[in-house]
Amino acid sequence: MISSQSLQYRFGSEPINGIIKSLNLPIQIQFVEEICIFEQLIKLVQISEKLENFSKYFTNSFTLLESLKPFYQTIQKSLNQGIDVKNDVLEHCINMQNLIIKNQLKYLENEKLLSVSDMLLVELLEVVNNMYPNLLYNNFQILYQYLAKVLSNNFLQNYYFNVEFMMKDFSPKIKNAQNILKGIIECNLPTFHDFAQCQGILYRYKEDGQQFPDNCPVSLFPLYINYDIIDDLKKKTILQQKVVAKMGMDFEWYTSILGRLAKHDEFIRRMIQIQAKVEKSETKCPYTICIVRNDFLHNASQNQWMQVEYNCIAISFGFISDRVQKYHSLLFDSYYKQIKENYKIKVKQDLNHDIMVDALHKAYQLYNNKNAIVLIITAEFEGNVYDQRYIEKGLAKLGILSKRTTFIKLIGNIISENGILKAFGQEIALVYFRTGYTFDQYENEECWNIREMIELSKALKCPSLNTQLVNFKKLQQILLDETQIQKFITKDESQLISENFCKIWGFDHEDQHDKLIEMIKQNPYDYVLKPQREGGGNNYYDDQIIPELLKLSPEQRTEFIVMERIKPIPRIGFMMRRGQLDIQAVISEISVIGYFINEGENILVNEVGGYLVRTKRYLDNEGGVAAGYAVVDSFMISDN
Ligand code: ADP
Ligand code: MG
């Protein structure tokens, strides 16, 4: 009955077409040509009362179609004639933003139902977003947030965030900039693949018993960001590090929280047992060193980068990230020259990625014995070996030798004499853990004994067990409580970092479980369920959450936290894995890397410097780089 076809051009095609289809209209709506959606939407409003499905998604109680008409006509003119209408667009954006401020477009308030005007405005803003990238993001925050809010509606997402749609030209006259980029990349892919390897963007793969290097999964086009944001996240990471450093000094405090989890979590239990011995020991090392990575995702409807988690152990991709920035810079100077000029952007270069080497170097010096070495404990096979080796190489450049090994290889080869740690006959100044953050990484009892021996020794460790213990996600939840976080930082400081904290709920009180489960049931897409685990692949999303919670006893649930879901607006990502191109709707996670060193209760150093951008497919909920979903990326900033 309905003859609507998938259209060749973007404006007014699948989203509106698809939505109209799903309404099962009892009348016929025909797409006469690409750009006639205004008339169709008017028709839709006229008949909406008769439509059974309409009220599921839409409200027609308030439509502002007529006020959108001038904006629509401007865009239509531009699409038809291929002319630049930027000044007109700016004026319309101001008007639209005023309408939203005056609360005439209701979506921000009433999240469940879209009006037909909302749908048209989204379509127009999507066109603006593509014709003038970052115009909304930089100048019309309210419009941008409005767009984000509407698009995070699950029903619309399926239409808007599919690659085919995102790549479509807008009209025969207005090409999609993504296609120009795609052309350049496809043409030069073998070159880009080799360049990545020349640049040191490497990963070690294992196939059929063979090990070989190839490019580390990498993005071929960086994320656009305003540099003020990076500055802000840096400041907040210094505060976060201060909190972590101080939490780690308060054994009684963190065991009062983790103690309950330890009852049924052997990993936490064993770590607390060892740390309890360390606390009592007279010969322990007075210093604590920890390299921290603070992760953020952009919550578009708030226009705020929200903290995903902070990490205190085995921080990876510090080096590769620096290489990727240089790689993108090279591409912008050459193959993307035109794009760079058009968009007035530059890739940030002056980043200090040697911060991890700095951190270990400073820690090494505190031990004060030039003959001692650094012990690096890793897994048996490490795909990300080059990223680890650069640290070794950086230390070697400073005249410091390292020994790379595993817990298993240390069995029978490590001893502690009066607190002096010796491995393979050499004195150890510093132990750097790139493994040991999950239970199965301690393969047997002897591995646990080795960890205990290391912790009780005078050698420095990065991180020492106390900071590893305050890395648990449960503490992230506890820090939302003002009185708790203000034990460690001032009220002003806590207010500042809390701006980027998501809501988190715990299962601490059994009488509140039903209420929490009911809240998630209402909108499972708005939450993430997380156990006390690190390393990716452990969380539950969407329809997985409720069944998992119902499987657990009330006591078992205490090990989980429920976190508000952060929802970014995806962009088109160009990802390269082992020379193959993958074009997808993607989102990016930004991390700030830093470190602190304590001596007893004094924080000696607290610095940040490095950044990591990881980009992953929008439709994959997690996606680590090592797991093959995410790629290492960088960011570009405006050139003025
Ligand atoms: P892990 O310790 O396993 O790295 P994370 O808390 O970092 O656990 O979660 C893994 C990934 O899941 C993150 O990198 C992010 O992509 C996604 N994720 C985690 N929390 C959220 C959230 N609140 N909203 C959206 N995505 C999230
Ligand atoms: Mg993580």
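Start at 1 and go down the list; that is how both ligands and their atoms are numbered. All values derive from a computational prediction rather than experimental measurement.
Between F407 and Y442, the two ring planes are tilted [angle within 30° to 60°]. Y227 and F635 have tilted rings, their planes meeting at an angle from 30° to 60° on a 0 to 90° scale. Ring geometry for F439 versus W448: interplanar angle of 30 to 60°, hence tilted.
Close contacts of ligand 1 with G536, meaning ligand atoms under 4.0 Å from a residue heavy atom, involve 1 (P), 3 (O), 4 (O). Of all the atoms in ligand 1, the ones that sit under 4.0 Å from a non-hydrogen atom of E534 are 2 (O), 3 (O). Interface of G535 with ligand 1, defined as ligand atoms under 4.0 Å from a residue heavy atom, comprises 1 (P), 2 (O), 3 (O). Each of the following atoms of ligand 1 lies closer than 4.0 Å to a heavy atom of R533: 2 (O). Per-residue contacts place E589 under 4.0 angstrom from the following atoms of ligand 1 (heavy atoms of the residue considered): 13 (C), 14 (O), 15 (C), 16 (O). Those atoms of ligand 1 that come under 4.0 Å of a heavy atom in L297, given as number and element, are 25 (C), 26 (N). Those atoms of ligand 1 that come under 4.0 Å of a heavy atom in K473, given as number and element, are 1 (P), 2 (O), 6 (O), 8 (O). With ligand atoms numbered from 1 in the order given, ligand 1 contributes 23 (N) to contacts under 4.0 Å with heavy atoms of M563.
Taking a 6.0 Å sphere around CD of E482, one finds it holds 12 or fewer heavy atoms contributed by other residues, nucleotides or ligands.
Contacts between V528 and ligand 1, counted as non-hydrogen atom pairs separated by less than 4.0 Å, involve the side chain only. Contact annotation for Y541 and ligand 1: only side-chain heavy atoms (C-beta onward) come within less than 4.0 Å of the ligand. Contacts between N539 and ligand 1 below 4.0 angstrom, taking non-hydrogen atoms only, involve the side chain exclusively. Under 4.0 angstrom from ligand 1, the non-hydrogen atoms of E309 all belong to its side chain.
The closest approach between any non-hydrogen atom of Y527 and ligand 1 is not below 4.0 Å. Close to ligand 1: K616, with a non-hydrogen atom less than 4.0 angstrom away.
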Notebook entry, point to check: Between V631 and D582, is a side chain to side chain contact (heavy atoms under 4.5 Å, CB included) present by the stated rule, with each step listed?
Noted result: CA-CA 11 Å; V631 297; D582 181 22; over 6 Å; no
Next item on the list: Could you check Y137 against N303 for side chain to side chain donor-acceptor pair (under 3.5 Å), going step by step and ending with a plain yes or no?
Entry: CA-CA 9 Å; Y137 178 73; N303 198 6; 4.8 Å; no
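In this structure, the separation between CG on L261 and CD on Q532 is 5.5 Å, given to the nearest 0.5 Å.
Results of the side chain to side chain donor-acceptor pair (under 3.5 Å) test with N500 over Q240, Q302, Q307, K236 single out K236 as the only residue that passes.
You'll find the side chain of Y618 stays beyond 4.5 Å of the side chain of Q584, heavy atoms only.
A donor-acceptor contact shorter than 3.5 Å is absent between the side chain of E559 and the backbone of D265.
Ranked by closest heavy atom to atom 20 (N) of ligand 1, the top entry among E564, K530, R614 is K530.
Residue E309 counts as close to the Mg ion (ligand 2), with an N, O or S atom under 2.8 Å.
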